[in-house]
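Fair warning: this is a prediction, and the values are worked out from it, not measured in the lab. Just so we're on the same page: letters track the sequence lines, and every chain starts at 1.
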Number of protein chains: 2
Amino acid sequence: MSKPRINTMEELSAAIGVSRPTLSRFFQDPTLVKPNTVARIEAGLAKVEYIPNFFATRLNRKSTGMIGVIIPYLNDLFFTKLLESVEIAAMEAGLTVITQCSHSDPDIEARAAETFISMNVDGALVAPLGDHSDQAVYRRLQSRLPFVMMDSRPNTMQGVDFVGTNHTQSTGLIVEYLCRIGDPPVFLAMPRVNFNALEREAAYIAKMEELGFKPQVLGTELVNEDWHFEKHGEAVLDAELSAGRLAERSILCANDRLAIGAIRAATRHGLFPGRSKEGGFRVAGHDDYPLCPNINPSLTTVAQNTDAIGKKAVSRLLQKISGGLSDDTPEITLFDGSLMLRESA
Amino acid sequence: MSKPRINTMEELSAAIGVSRPTLSRFFQDPTLVKPNTVARIEAGLAKVEYIPNFFATRLNRKSTGMIGVIIPYLNDLFFTKLLESVEIAAMEAGLTVITQCSHSDPDIEARAAETFISMNVDGALVAPLGDHSDQAVYRRLQSRLPFVMMDSRPNTMQGVDFVGTNHTQSTGLIVEYLCRIGDPPVFLAMPRVNFNALEREAAYIAKMEELGFKPQVLGTELVNEDWHFEKHGEAVLDAELSAGRLAERSILCANDRLAIGAIRAATRHGLFPGRSKEGGFRVAGHDDYPLCPNINPSLTTVAQNTDAIGKKAVSRLLQKISGGLSDDTPEITLFDGSLMLRESA
DNA sequence: CGCCAATATTTACATACGTAAAAAAGGGAG
DNA sequence: CTCCCTTTTTTACGTATGTAAATATTGGCG
């Protein structure tokens, strides 16, 4: 059952009668070794238990075959979807992904960056924490590694490669839809924890003005710091409804989690958002959170293409790693959002 | 702005006039070096940019200070909460966590295990994939590393350290509650993707029989493999309600995501689950998914103590790593669930 | 001023493997 | 059988650090 365990290539070399450098080449790429020898090595490996040491193999290589990924939160299905897309794309490219989560803490984010540097990762992918994270960290990563930002981008980081959503388009899309089908929406803003919050808000205002409507933004004051979006949305809408406002309006929420809270507040006030009845009370969100189709009513929203963002971030990082770029102009890729029409608006 | 970059301890030694072995000890623990020298080193470090190489530092140590964690899914807030708890506990213990996600794929899970072994991690924490994962992988990890399983445990892995929830207690608790306040519940089972599914189902049956009621289990046939719990719950309940059954019953769902789907099906049939009206239609879940308080109606459920599970798993692993265990009897720790009374039941 | 203990440095070797160059072996063609 | 080319082995050094032992230095104290 349990084969003899061999710890080093040296021992393995002695055990199966093939020289260590040949073994080294074999483990890097078996095609570098004659088929005859490959067969001999594989026969030998079948009889013992040996795994090359991860650290030792990477210590003296120009490339470690690893990339570092930092995401700000784990308890958010948006980042989780993004991470999944990144991990799968990286795996297909043969890279080992080292993931670190900032857990809402800029210090942890900074430490993660140092860890990546000390690991000699080939590159780093970062979804930033928000406006309270230390941007020196990003600059430092950028100066030392192939580096791509995802999802949101500090406005002081213009010179960096970035992959995200075109919030002007995506927010504009749903504003236009809401205005076309019914009353122009008010905007339930999210706490300004990151830069997308401001972009969406600005996009809402711009589109409303373009259509000749007066924008109205609610809930910009930060209720709490803890990303309790649902509670925030619920509290803001509850206050409005209690004051006798908004009961016949359309409400565009800056993200789906706010919308989930808003719907809950509405229901408690006896309102059931929906697009069935023309012109009535409606709620829409942004992001296409995985639970949107399953809540009551299912949430009309605009989907971010997390899959495309993750894939593109990895492929762009690979480009920068391979270094075959004629110019090093930062590339900004923004994917369009797509309308997900469901019951709530 | 940019300090001279120094890549090796050797260079650093030359640059600031302190011997390399002293620097080595300094980076491992500054208290091993005289305060005077510490000050000299820190003054030197302030003038240059240097980070010890992660791999080199770990190559020749008995302990790498790293633990590997495998979780089966990323897009599930339960695992995400568990991972968060684990990461924070590990961080407090000064460990570097290497996280790998199986992405529903036993092959990926197996590869992750090999990666951990090749990295010489000090120990591994695994939340298994379910009944289609290769249990040889777990045995292999167990034979080579301090190893603790979390969340769910294959019944063929009895001799392993395990930390999870006492499903007999937790499920019993909510069954007892539902029976006490209203009609005895039917059980909406989850697709049998893991071993907890069976435990909860068995616990439901046992408690019902203990209370003198006839158990009734629905939805054991696997609708899909993809953990689309919400769709499964919705489909099963929709079928029942369409057939004119269950409209006045209480429904205990094997987990909250099923319950979310069940509530959606109910709402579409004009039913609004709640405990306000005694004895009417009710829906309850299991796990205390983060969104439970925010859906409509908010979901009555029984909370798994993910925080305690994560902390305990880490501390148990640390015990095994330090090796100060008089016996090596596997330890099974099961935390009780706690009732979260909300609107739905 | 000299001694002792604490600390630092020197020296040397270890970790597990990558990599390059030179030497040896093997295999096929003539 | 010999030559030539390919592949493998040998040899040696490199990667960045840990660690142990011997030696040197330092500081405090009598």
Atom pairs, N/O to N/O, protein against nucleotides 22-24 of chain C, distance under 3.5 Å?
none

### Task
Keeping to residues at least two apart or across chains, list the salt bridge (charged side-chain N to carboxylate O under 4.0 Å, His left out) pairs with something in residues 33-53 of chain B.
A/R140-B/E49, A/R144-B/E49
### Whole angstrom value for the distance that separates C1' of C/dT15 from CG of A/L59
9 Å
### Query
When you look at B/V33 and B/V18, which way does the side chain to side chain contact (heavy atoms under 4.5 Å, CB included) test go after all the steps?
CA-CA 11 Å; B/V33 169; B/V18 173; over 6 Å; no
### Task
Please confirm whether B/F116 and B/F147 have ring centers closer than 6.0 angstrom.
no
### Query
Are side-chain N/O atoms of A/S63 and A/D122 paired as donor and acceptor at under 3.5 Å?
yes
### Message
Whole angstroms only, please: what is the CG-C1' distance between A/L23 and C/dG18?
### Response
13 Å
### Message
Counting only side-chain heavy atoms from C-beta out, which of C/dT15, C/dC17, D/dT17 sits nearest to A/Y50?
### Response
C/dC17
### Query
Where along residues 5-16 of chain A does a heavy atom come under 4.0 Å from DNA chain D, residue by residue in number order?
none
### Message
Looking at A/N196 and A/D151, would you say the former's side chain and the latter's main chain have a donor-acceptor pair under 3.5 Å?
### Response
yes
### Message
Using side chain to side chain contact (heavy atoms under 4.5 Å, CB included), reason through A/T80 and B/Y73 one step at a time and then give a plain yes or no.
### Response
CA-CA 9 Å; A/T80 267; B/Y73 309 92; over 6 Å; no
### Query
Between B/G17 and A/N53, who's closer to the 5' end of DNA chain C by nearest nucleotide?
B/G17
### Query
Any salt bridge between B/D107 and B/R111, counting N to O under 4.0 Å?
no
### Summary
When rounded to whole Å, the CZ to C1' distance for the pair B/R61 and C/dT15 reads 13 Å
### Summary
note: A/N60, atom CG; D/dA16, atom P; distance rounded to Å ~ 8 Å
### Query
Going by number, which of residues 24-44 of chain B have a non-hydrogen atom under 4.0 Å from DNA chain D?
B/S24, B/Q28
### Query
Are A/E331 and A/K320 ion-paired here, with the side-chain N under 4.0 Å from a carboxylate O?
no
### For B/R25, all residues meeting side chain to side chain donor-acceptor pair (under 3.5 Å), sequence neighbours excluded
none
### Query
Among B/D307, B/T306, B/V86, which residue meets the side-chain contact (heavy atoms from CB on, under 4.5 Å) test with B/K81?
B/T306
### Task
Apply side-chain hydrogen bond (donor to acceptor under 3.5 Å, both in side chains) to A/S315 and A/Q319, showing your working.
CA-CA 6 Å; A/S315 71; A/Q319 272 183 18; 5.7 Å; no
Contacts under 3.5 Å, N or O only, protein and nucleotides 10-12 of chain C:
none

## Note on the structure
Here the pair of heavy atoms bringing B/K311 nearest to B/S85 is N-OG, 3.5 Å
### Query
Honestly, is B/R153 close enough over B/F162, meaning NZ or CZ under 6.0 Å from the six-membered ring centre and within 45° of the axis?
yes
